[in-house]
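We use all heavy atoms of the structure for the numbers below, so side chains are in, but hydrogens, waters and symmetry mates are not.
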Amino acid sequence: MRQYKINEIYYTIQGEGYYTGTPAVFVRFSSCNLACPWCDTNHLSGDLMTAGEIVKKVTSLWPSRTENPVVVLTGGEPALQTDDELIQALHAIKAFIAIETNGTREIPEGIDWVTCSPKPDSSLRIKYADEVKVVFDGKTDPELWRKEIQAQNWFLQPLDNGKSANISENVEYILTHPSWHLSLQTHKMIGIK
């Protein structure tokens with residue numbers, strides 16, 4: 001039986017991007033194929049879980065029996081482990097499945113919402129996302145990603161390097177490129193996970 005290395009599973013609100021403010025169960029996978037210095041995942045820790053165990057945990061955390069769960073697959077890089085078996089198990093409980101990926105790996109069909117957060121010097125394998133969320137460092141022109149991927153929603157997110165975020169640079173860029181929207185890590189601003 002397939003097992004997935006899971007860093008943690010928790011219930012909170014989505015803090016960034018298109019669905020900011022939406023309650024969701026986050027399934028955080030361990031391991032990644034990139035080494036972003038701002039990443040908040042401990043890639044060395046994690047528990048091996050089957051798809052059934054993941055679904056059981058998601059169900060135990062979701063408070064409503066009348067509303068379908070919203071599940072966000074994140075990491076690390078969830079596309080390294082997410083497969084048809086897990087997607088089918090989550091859809092069996094009528095979950096709305098979102099994935100937050102760096103886009104460097106193919107993703108299985110059946111995911112309801114794809115957020116691609118491309119990283120500098122990486123090559124995208126996916127060609128469409130529902131939203132693109134670029135961590136903007138003020139150096140690399142985000143418009144370059146429009147040649148690589150199609151999306152309906154384009155977000156810039158300030159680089160939070162633990163010292164300060166470059167919010168003003170993001171705002172200035174968006175004001176001169178109005179097809180972009182600002183994504184702030186509101187969960188950090190209000191002190192929740």
Side-chain angles (χ1 to χ4, degrees), residues 9-29 32 34 36 38-41 58 61-62 64 67-79 82 87 90-91 94-120 122 124-137 140-160 165-167 169-193:
I9 301 176
Y10 57 97
Y11 178 64
T12 189
I13 62 169
Q14 173 61 276
E16 55 194 54
Y18 186 86
Y19 282 104
T20 296
T22 303
V25 177
F26 284 75
V27 178
R28 183 179 298 279
F29 290 83
C32 187
L34 301 178
C36 302
W38 59 83
C39 184
D40 55 2
T41 301
V58 166
L61 293 172
W62 188 253
S64 174
E67 296 177 60
N68 297 338
V70 175
V71 177
V72 178
L73 307 177
T74 189
E77 177 46 55
T82 301
I87 298 305
L90 289 168
H91 274 158
K94 299 186 177 5
F96 176 86
I97 305 168
I99 191 169
E100 296 179 351
T101 176
N102 60 31
T104 61
R105 297 287 189 264
E106 297 289 334
I107 57 174
E109 291 185 21
I111 295 173
D112 302 299
W113 187 267
V114 177
T115 300
C116 181
S117 184
K119 305 301 185 281
S122 64
L124 294 182
R125 297 281 303 275
I126 64 172
K127 299 302 175 194
Y128 174 82
D130 295 288
E131 73 179 301
V132 171
K133 184 175 58 184
V134 176
V135 177
F136 183 50
D137 60 6
T140 306
D141 185 359
E143 285 294 314
L144 298 174
W145 292 114
R146 288 189 188 271
K147 298 174 186 172
E148 301 288 325
I149 189 167
Q150 294 180 349
Q152 295 298 312
N153 305 283
W154 295 85
F155 291 92
L156 282 189
Q157 186 163 294
L159 173 62
D160 181 0
N166 60 337
I167 295 172
E169 280 181 288
N170 279 256
V171 170
E172 288 174 27
Y173 189 91
I174 291 166
L175 289 174
T176 58
H177 300 83
S179 61
W180 289 88
H181 302 278
L182 184 64
S183 173
L184 298 175
Q185 293 183 303
T186 60
H187 54 292
K188 291 183 178 180
M189 298 167 87
I190 62 176
I192 62 171
K193 189 173 205 163

**Prompt:** Between Thr22 (side chain) and Gln14 (backbone), is there a donor-acceptor pair under 3.5 Å?
**Reply:** no
**Asked** For the residue pair Ala79 and Glu106, what are the closest heavy atoms and their distance?
**Response** CB-O, 3.9 Å
**Prompt:** What pair of heavy atoms forms the shortest contact from Ala24 to Tyr11, and how long is it?
**Reply:** O-CD1, 3.4 Å
**Message:** When you compare the side chain of Val171 with that of Pro158, does any pair of heavy atoms fall below 4.5 Å?
**Reply:** no
**Item:** Full working for side chain to side chain contact (heavy atoms under 4.5 Å, CB included) between Ile97 and His91
**Value:** CA-CA 8 Å; Ile97 305 168; His91 274 158; 3.5 Å; yes
**Message:** Let me confirm one number: the CZ-CG distance from Phe136 to Asn166, rounded to the nearest 0.5 Å.
**Reply:** 7.0 Å
**Item:** Salt-bridge contact Lys133-Glu16 (side-chain N to carboxylate O under 4.0 Å)
**Value:** yes
**Request:** Quick one: pull up OG1 in Thr20 and CG in Leu182 and give me the separation to the nearest 0.5 Å.
**Result:** 9.5 Å
**Request:** Please answer whether the main-chain N or O of Asp130 pairs with a side-chain N or O of Asn153 as donor and acceptor at a distance below 3.5 Å.
**Result:** yes
**Request:** Answer yes or no: is there a side-chain heavy-atom contact under 4.5 Å between Pro142 and Leu156?
**Result:** yes
Quiz: residues 67-75 side-chain donor-acceptor pairs under 3.5 angstrom, not counting sequence neighbours:
residue : atom : partner : partner atom : Å
Thr74   : OG1  : Glu100  : OE1          : 3.1

**Message:** To the nearest 0.5 Å, what is the distance between OH on Tyr128 and CD on Gln150?
**Reply:** 8.5 Å
**Message:** Among residues at least two apart in sequence or on other chains, which ones pass ring-ring contact (aromatic ring centres under 6.0 Å, His included) with Tyr18?
**Reply:** Trp113
**Request:** List the steps and the verdict of side chain to side chain contact (heavy atoms under 4.5 Å, CB included) for Glu77 and Thr101.
**Result:** CA-CA 6 Å; Glu77 177 46 55; Thr101 176; 2.7 Å; yes
**Prompt:** Is any side-chain heavy atom of Thr82 less than 4.5 Å from a side-chain heavy atom of Phe29?
**Reply:** yes
**Request:** In sequence, state the C-alpha distance, the side-chain angles, and the governing distance for Thr12 and Phe26, and then conclude on side chain to side chain contact (heavy atoms under 4.5 Å, CB included).
**Result:** CA-CA 8 Å; Thr12 189; Phe26 284 75; 3.7 Å; yes
**Fill in**
For Cys116 and Ala129 the tightest heavy-atom approach is CB-CB, 3.9 Å
**Complete:** When rounded to the nearest 0.5 Å, the distance separating CZ of Phe96 from CG of Leu90 is 12.5 Å
**Prompt:** Where is the tightest heavy-atom contact between Arg105 and Ile126, given as atom of each residue plus distance?
**Reply:** O-CG2, 3.5 Å
**Asked** Would you call Trp154 and Ser179 a side-chain contact if the rule is heavy atoms closer than 4.5 Å?
**Response** no
**Prompt:** For the residue pair Lys127 and Leu124, what are the closest heavy atoms and their distance?
**Reply:** NZ-O, 3.3 Å
**Item:** Partners meeting ring-ring contact (aromatic ring centres under 6.0 Å, His included) with His177 (sequence neighbours left out)
**Value:** Tyr173
**Message:** Would Ser122 and Asn102 count as a side chain to side chain contact (heavy atoms under 4.5 Å, CB included) here? Give the steps.
**Reply:** CA-CA 9 Å; Ser122 64; Asn102 60 31; 5.9 Å; no
**Fill in**
In this structure, OH of Tyr10 is separated from CZ of Arg28 (nearest 0.5 Å) by 4.0 Å
**Item:** Ile107 side, atom CD1; Arg125 side, atom CZ - distance, nearest 0.5 Å
**Value:** 12.0 Å
